[in-house]
Amino acid sequence: MIRKSNRERRPDRLSTYFYQERGILAGITLTGILYNAGLTAGPYFEGQLTLCLMAVLAGEKSGIDMIKLAGVYLIIILIVQGARCLKRFGVRRFANDTARSMRRVLYRNLVYQNPAVLSADEAGSLMTKAISDVDACAEGMRKFTTEVFDTGVVMIAYLGMLMAYDLRLTLLACVFAPLAALLAQKLKHPITRSASAYKNSVSQLNTMTLDRVSNALTYRVFGCENQRDQALGDQLAVVEKNAVVSSAWENAMQPLYNIIAMAGVVFVLLRGAQNVLGVGWAAWDLAAFTTYLACFSRLALKSSHAAKLFNAVQKAKVSWQRIQPQLQPVEIPDSTLPPTAGPAELKLEDLSFAYPHQPPLFEHVSFQVHAGQIIGITGPLACGKSTLGRLLLGELPYAGSLRINGLEIAQLNSAQISHLVGYLGHAPQLLSDTIEENIQLGEDLDCAPWLKLTALEEEVAAMPEGLKTQIGAQGTRLSGGQQARLALARTLARPRPVWVLDDPFSAVDPATEDEILRNLRELGKDRIILLISHRLAHFTQFDQVLWLENGTARIADPATMMAENPAYARLVQTQQKKAGDDDEK
């Protein structure tokens, strides 16, 4: 959700981030001008110290004069370096704040964007954008802000100082500096290409790494570990190669920039010597020559840095282009959230859905459900059971009407839907945190009633740390049944008019399932529960059964469904027979 002030804010525009940090940038400007303008004092005092030393050696001045001059130089250097310290702190603060702002917007947009939009990007690419590209972009902005003063302001100061000493010599000696910048401009395209290739290869490596970790067991079972490890190693080699090429284009050219910019020193030595001898374009003493040579050397060095900065900005531009689409404003309209209390009603009219370029998964589905009812949803594999549950979350577009308490799901935003629908997917998504935090999610909730409702209370109490028990990544320290019940407790702890429970008892024993269903019946007196499952042992206790098959849907009470739907009846009888055989064993 992007909040806007009176002034229009666009997180997909770089100017927004400069405006946000305008206070810090003002301080950077003051200290930057003081520091970089003060740098011209260095060459001046170096020349004066040289001249004073010669006068001391000649007996024209005393050592006290030398010490006084050095003292003044030291005080000025301290002031200048103090300004430099403040400027560098401000620039680093600006970069850190900018990176944090970009990452906050990026993360928020990734959360609120439609999953279908995000599916165009692989997980590894999103990780790279959220971490590497944001840092690279912020670093490019930092370098730009730094060099505006460390290069731009100081070059103007040095150039003005050189012109004051000898205008014609300055114009002649500085003719080479623009050539370094011109070369940097010519290298823009190879630098951009190499940086883009490196970023893309890193994204692919991240995706492959996530796949290797997530599907480690599958690869082990089917004997594909060596193949996947080899592919991962090959991709790592590609990343390393692209990193070298990208770094070479950005950094290896710096010595060449220095040589080109310093070529004018030949004219400084020749014409400067003539000035000292009194036969040049200006009349110099040794101090003037020393000051001019030092000032020119620093100017040439700064001009070569400007060329390098241009290359660094081109590299950062690649990162900005990658993350800019994910920084587009994703707004959730401000609206009154629908009430979660009161009797619930779910109504489907002529509901149809099809994935792109696929035949309809189901169509013309119509039925109505009232508060207090538990609806069992089942059918053959890939018949659309889980998809129907996702439609209630507003994740997928549909045809027809899908209303909860008279509100059309397609017309609601995610915040409104979250107040109408509680959802538990068939794969519990647990935090790598404590049992308590997995239920509370940062809210002040009493966990005990929900642990009791899901028959998890005694098991948690028996754990050494109780509610403070760390469950590991995705709940790996819990059994499958404990994971499912913990996720269910988290869902039920937030009452909603409609609860969608997708296969919540797949890893739960029948006795525990009986207990939880009794609790659900009591808890859901003024709510609607849609329970998606292949396990039909308890479907006889439900109010209605929804059967999906071959794009059609049929809803009836359990007895009628058994009598009139042979496929459903066979499935129930098969499971009952298997359960009886297991009991005999």
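Since this is a predicted model, take the numbers as computed values, not measurements.
Shortest non-hydrogen contact noted between Cys174 and Phe296 is SG-CE1, 4.1 Å. Across every non-hydrogen atom of Ala231 and Met208, the tightest pair is O-CE, 3.3 Å. Counting all heavy atoms, side chain and backbone alike, Phe176 lies closest to Gly264 at CD1-N, 3.6 Å. Minimum interatomic distance between Gly90 and Ile24 (heavy atoms only, all atoms of both residues): O-CG2, 3.4 Å. Listed here is the closest heavy atom pair of Arg271 and Gly280: NH2-CA, 4.1 Å. A pairwise comparison of heavy atoms in Ile417 and Gly394 identifies CD1-CA, 3.9 Å as the closest pair.
Side-chain contact between Phe45 and Val72 is present, with heavy atoms from C-beta onward closer than 4.5 Å. In this structure, the side chains of Tyr423 and Ser418 stay at 4.5 Å or more apart for every pair of heavy atoms. Side-chain atoms of Leu232 and Leu205, non-hydrogen and from C-beta on, do get closer than 4.5 Å to each other. Looking only at side-chain heavy atoms (C-beta outward), Arg490 and Leu430 come within less than 4.5 Å of each other. Residues Tyr73 and Ile77 meet the side-chain proximity criterion, which asks for heavy atoms closer than 4.5 Å. Two residues are said to be in side-chain contact when any heavy atoms from C-beta on lie closer than 4.5 Å; Thr291 and Met161 meet this criterion. Counting heavy atoms from C-beta outward, Leu269 and Phe289 have side chains that approach closer than 4.5 Å. Two residues are said to be in side-chain contact when any heavy atoms from C-beta on lie closer than 4.5 Å; Ile471 and Thr476 fail this criterion.
Ala410 is linked by a side-chain contact (heavy atoms from CB on, under 4.5 Å) to Tyr398, Glu408, counting only residues two or more places apart in sequence or in another chain. Scanning for side-chain contact (heavy atoms from CB on, under 4.5 Å) contacts around Ser201 gives Tyr198, Gln235, Val238, Val239, Asn242, with sequence neighbours left out. The ring-ring contact (aromatic ring centres under 6.0 Å, His included) check on Tyr355 picks up Phe353, with sequence neighbours excluded.
Remark: aromatic rings of Phe18 and Phe94 are close, center separation under 6.0 Å.
For the atom pair CZ of Arg88 and CD1 of Ile28, the computed distance is 12.0 Å after rounding to the nearest 0.5 Å. We find the OG1-CD distance between Thr387 and Glu395 to be 10.0 Å, quoted to the nearest 0.5 Å. Considering CG of Leu393 and CG of Leu420, their distance stands at 11.0 Å, rounded to 0.5 Å. Distance check: Leu34 CG to Thr29 OG1 gives 12.5 Å after rounding to the nearest 0.5 Å. In this structure, CG in Asp285 is found 10.5 Å from OG1 in Thr50, a value given to the nearest 0.5 Å. Leu86 CG to Arg84 CZ: the interatomic distance, rounded to the nearest 0.5 Å, is 12.5 Å.
Atom CE of Met163 sits in a crowded spot, with more than 12 heavy atoms from other residues, nucleotides or ligands closer than 6.0 Å. Counting non-hydrogen atoms of neighbouring residues, nucleotides and ligands closer than 6.0 angstrom, the CG atom of Asp234 exceeds 12 such neighbours.
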*Go through Leu441 and Arg494 one step at a time and tell me if the side-chain contact (heavy atoms from CB on, under 4.5 Å) criterion holds.*
CA-CA 11 Å; Leu441 295 179; Arg494 292 158 178 83; 3.6 Å; yes

*Could you go step by step and tell me if Asp97 and Gln20 meet the side-chain contact (heavy atoms from CB on, under 4.5 Å) rule?*
CA-CA 9 Å; Asp97 289 350; Gln20 285 179 175; over 6 Å; no

*Does the pair Leu53 and Lys61 meet the rule for a side-chain contact (heavy atoms from CB on, under 4.5 Å), with working shown?*
CA-CA 8 Å; Leu53 178 60; Lys61 291 186 177 181; over 6 Å; no

*Just do the side-chain contact (heavy atoms from CB on, under 4.5 Å) check on Ser62 and Val56 with the steps written out, would you?*
CA-CA 6 Å; Ser62 65; Val56 170; over 6 Å; no

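Look at Asp65 and Lys68 and you find no salt bridge, because none of the NZ, NE, NH1 or NH2 atoms lies under 4.0 Å from a carboxylate O. A salt bridge does not link Arg93 with Glu21: every distance from a Lys NZ or Arg NE/NH1/NH2 to an Asp or Glu carboxylate oxygen is 4.0 Å or more. A salt bridge links Arg212 with Asp229: at least one charged nitrogen is closer than 4.0 Å to a carboxylate oxygen.
With no hydrogens or angles considered, a side-chain donor-acceptor pair links Asn275 and Asp166 at under 3.5 Å. Residues Thr170 and Tyr292 bring a donor and an acceptor atom of their side chains to less than 3.5 Å of each other. Counted by atom type alone, Asn200 and Gln204 present zero donor-acceptor pairs between their side chains at under 3.5 Å.
One N or O on the side chain of Arg22 and one on the backbone of Tyr19 form a donor-acceptor pair closer than 3.5 Å. Using modelled atom types, no side-chain atom of Thr434 and backbone atom of Gln470 make a donor-acceptor pair closer than 3.5 Å.
The cationic atom of Arg92 (NZ for Lys, CZ for Arg) does not lie both less than 6.0 Å from the six-membered ring centre of Phe89 and within 45° of the ring axis.
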